[in-house]
Amino acid sequence: MTLTKGNIVIIPAPSDAYKNEHRVTVHWQQTFTDRQENYIVLLVKNKSQDGAEVPMFIEEDWYTIAKLDKEATKSGADEYEFVINDRVQYGQKNANGDGRFAVWHDKGRKPYQASLHRFVETSVASRVFATAQKLVGEGLAAQAKQIQEIGSAYIGDSLKTF
């Protein structure tokens, strides 16, 4: 099922430990300037679609109890109900909505998606990089990461707003 405007997703309450474990840095180029920002990667449950899991990226500075108290409804000690609306952007694999993921951030940020979900790739790449460091050492793993970052910073589609 595809995430759509008006769906309600369940966001876990933020904690420092959770932020540290789920933080990724996304690199892109915007108006000829290299940019990078941290996002928290969550696999949220879509309450409107029987708990289907959806990847969601939240600007790190926005993943706070104070921000969620303003923008969402607390539904338990450890979670919030958040309505997907025009404050949220999305990326997807194709026009059918396959592989759709949500991004809640300052929409002044204009990262591009590479052909296979720029944000999702960044999340996976950071985990692959950690594994590569263990297998081949810091030097070769760093070179592979640099090649991936250069290519994905300049190509792809913009995120869309719900």
Side-chain angles (χ1 to χ4, degrees), residues 1-28 30 34-93 97 99-114 116-135 138 141-142 144-145 148-149 152-153 158-162:
M1 301 181 90
T2 302
L3 181 70
T4 59
K5 188 174 185 176
N7 283 177
I8 297 171
V9 297
I10 306 300
I11 297 177
S15 70
D16 288 338
Y18 198 83
K19 279 184 171 184
N20 290 335
E21 185 177 329
H22 296 275
R23 178 182 297 115
V24 296
T25 303
V26 176
H27 301 264
W28 73 96
Q30 183 173 327
D34 290 331
R35 299 277 314 264
Q36 70 176 35
E37 298 291 344
N38 289 333
Y39 288 81
I40 305 303
V41 182
L42 306 170
L43 196 56
V44 299
K45 294 199 182 298
N46 187 339
K47 182 178 177 180
S48 303
Q49 296 182 6
D50 297 323
E53 292 184 326
V54 178
M56 184 169 186
F57 293 75
I58 301 176
E59 178 177 329
E60 182 175 30
D61 296 339
W62 288 16
Y63 189 55
T64 65
I65 290 173
K67 181 80 170 173
L68 286 169
D69 281 345
K70 290 180 190 172
E71 304 284 343
T73 304
K74 194 159 187 162
S75 61
D78 298 348
E79 61 189 30
Y80 289 81
E81 291 186 359
F82 182 85
V83 178
I84 299 296
N85 56 33
D86 61 5
R87 296 173 300 185
V88 180
Q89 294 187 301
Y90 67 92
Q92 58 194 17
K93 186 175 178 179
R100 184 172 288 178
F101 59 94
V103 183
W104 183 37
H105 66 160
D106 176 350
K107 291 193 285 186
R109 295 178 176 186
K110 306 278 186 206
Y112 292 99
Q113 303 176 59
L116 289 173
H117 314 350
R118 167 160 190 58
F119 280 93
V120 174
E121 282 182 355
T122 301
S123 175
V124 170
S126 67
R127 287 171 180 77
V128 169
F129 177 67
T131 302
Q133 282 179 311
K134 292 176 188 171
L135 296 176
E138 185 77 31
K145 182 178 181 185
Q148 184 269 338
E149 287 174 356
S152 62
S158 296
L159 295 170
K160 296 166 180 43
T161 299
F162 278 101

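One-based numbering along the sequence shown. If you're wondering where the values come from, they're calculated on a predicted model, not measured in any experiment.
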Not counting sequence neighbours, which residues clear side chain to side chain donor-acceptor pair (under 3.5 Å) with Asn46? List them please.
-> Asn7
Minimum heavy-atom distance between Gly6 and Ser48, given as atom pair plus value | O-OG, 4.3 Å
Taking all non-hydrogen atoms of both residues into account, name the closest pair between Arg87 and Val83 and its distance.
-> NH2-O, 3.7 Å
Mind checking what makes salt bridge (Lys or Arg N to Asp or Glu O under 4.0 Å) contact with Lys47, not counting sequence neighbours?
-> Glu81
For Asn20, does the CG atom sit with more than 12 other heavy atoms under 6.0 Å from it, leaving out its own atoms?
-> yes
Donor-acceptor pair, side chain of Arg100 and main chain of Leu3, under 3.5 angstrom | yes
Just list the side-chain donor-acceptor pairs under 3.5 Å for residues 55-68, sequence neighbours left out, or say none.
{"residue": "Glu59", "atom": "OE1", "partner": "Asp106", "partner atom": "N", "Å": "2.8"}
{"residue": "Glu59", "atom": "OE2", "partner": "Trp62", "partner atom": "NE1", "Å": "3.4"}
{"residue": "Glu59", "atom": "OE2", "partner": "Arg109", "partner atom": "NH2", "Å": "3.4"}
{"residue": "Glu60", "atom": "OE1", "partner": "Asn38", "partner atom": "ND2", "Å": "3.2"}
{"residue": "Glu60", "atom": "OE2", "partner": "Arg23", "partner atom": "NE", "Å": "2.5"}
{"residue": "Glu60", "atom": "OE2", "partner": "Arg23", "partner atom": "NH2", "Å": "2.6"}
{"residue": "Tyr63", "atom": "OH", "partner": "Pro12", "partner atom": "O", "Å": "2.7"}
{"residue": "Thr64", "atom": "OG1", "partner": "Lys67", "partner atom": "N", "Å": "3.0"}

Looking only at heavy atoms, the pair that brings Tyr39 and His105 closest together is OH-ND1, 2.7 Å
Heavy atoms, side chains only, cut-off 4.5 Å: are Asp69 and Tyr80 in contact?
-> yes
Could you walk me through whether Ile40 and Trp104 pass the side-chain contact (heavy atoms from CB on, under 4.5 Å) check?
-> CA-CA 10 Å; Ile40 305 303; Trp104 183 37; over 6 Å; no
Side-chain donor or acceptor of Glu71 paired with backbone N/O of Phe82 under 3.5 Å | no
May I have the step-by-step check of side-chain contact (heavy atoms from CB on, under 4.5 Å) for Glu53 and Lys45, ending in yes or no?
-> CA-CA 5 Å; Glu53 292 184 326; Lys45 294 199 182 298; 3.2 Å; yes
4.5 Å side-chain heavy-atom contact, Tyr90 and Thr4 | no
NZ (Lys5) and CG (Asp86) are apart, to the nearest 0.5 Å, by 5.0 Å
Sequence-distant partners of Glu79, side chain to side chain contact (heavy atoms under 4.5 Å, CB included), two or more places apart | Ile10, Ser75
Across all chains, not counting sequence neighbours, the side chain to side chain donor-acceptor pair (under 3.5 Å) partners of Asp78 are none
Taking Lys74 for its side chain and Ala13 for its backbone only, find out whether a donor-acceptor pair lies under 3.5 Å.
-> no
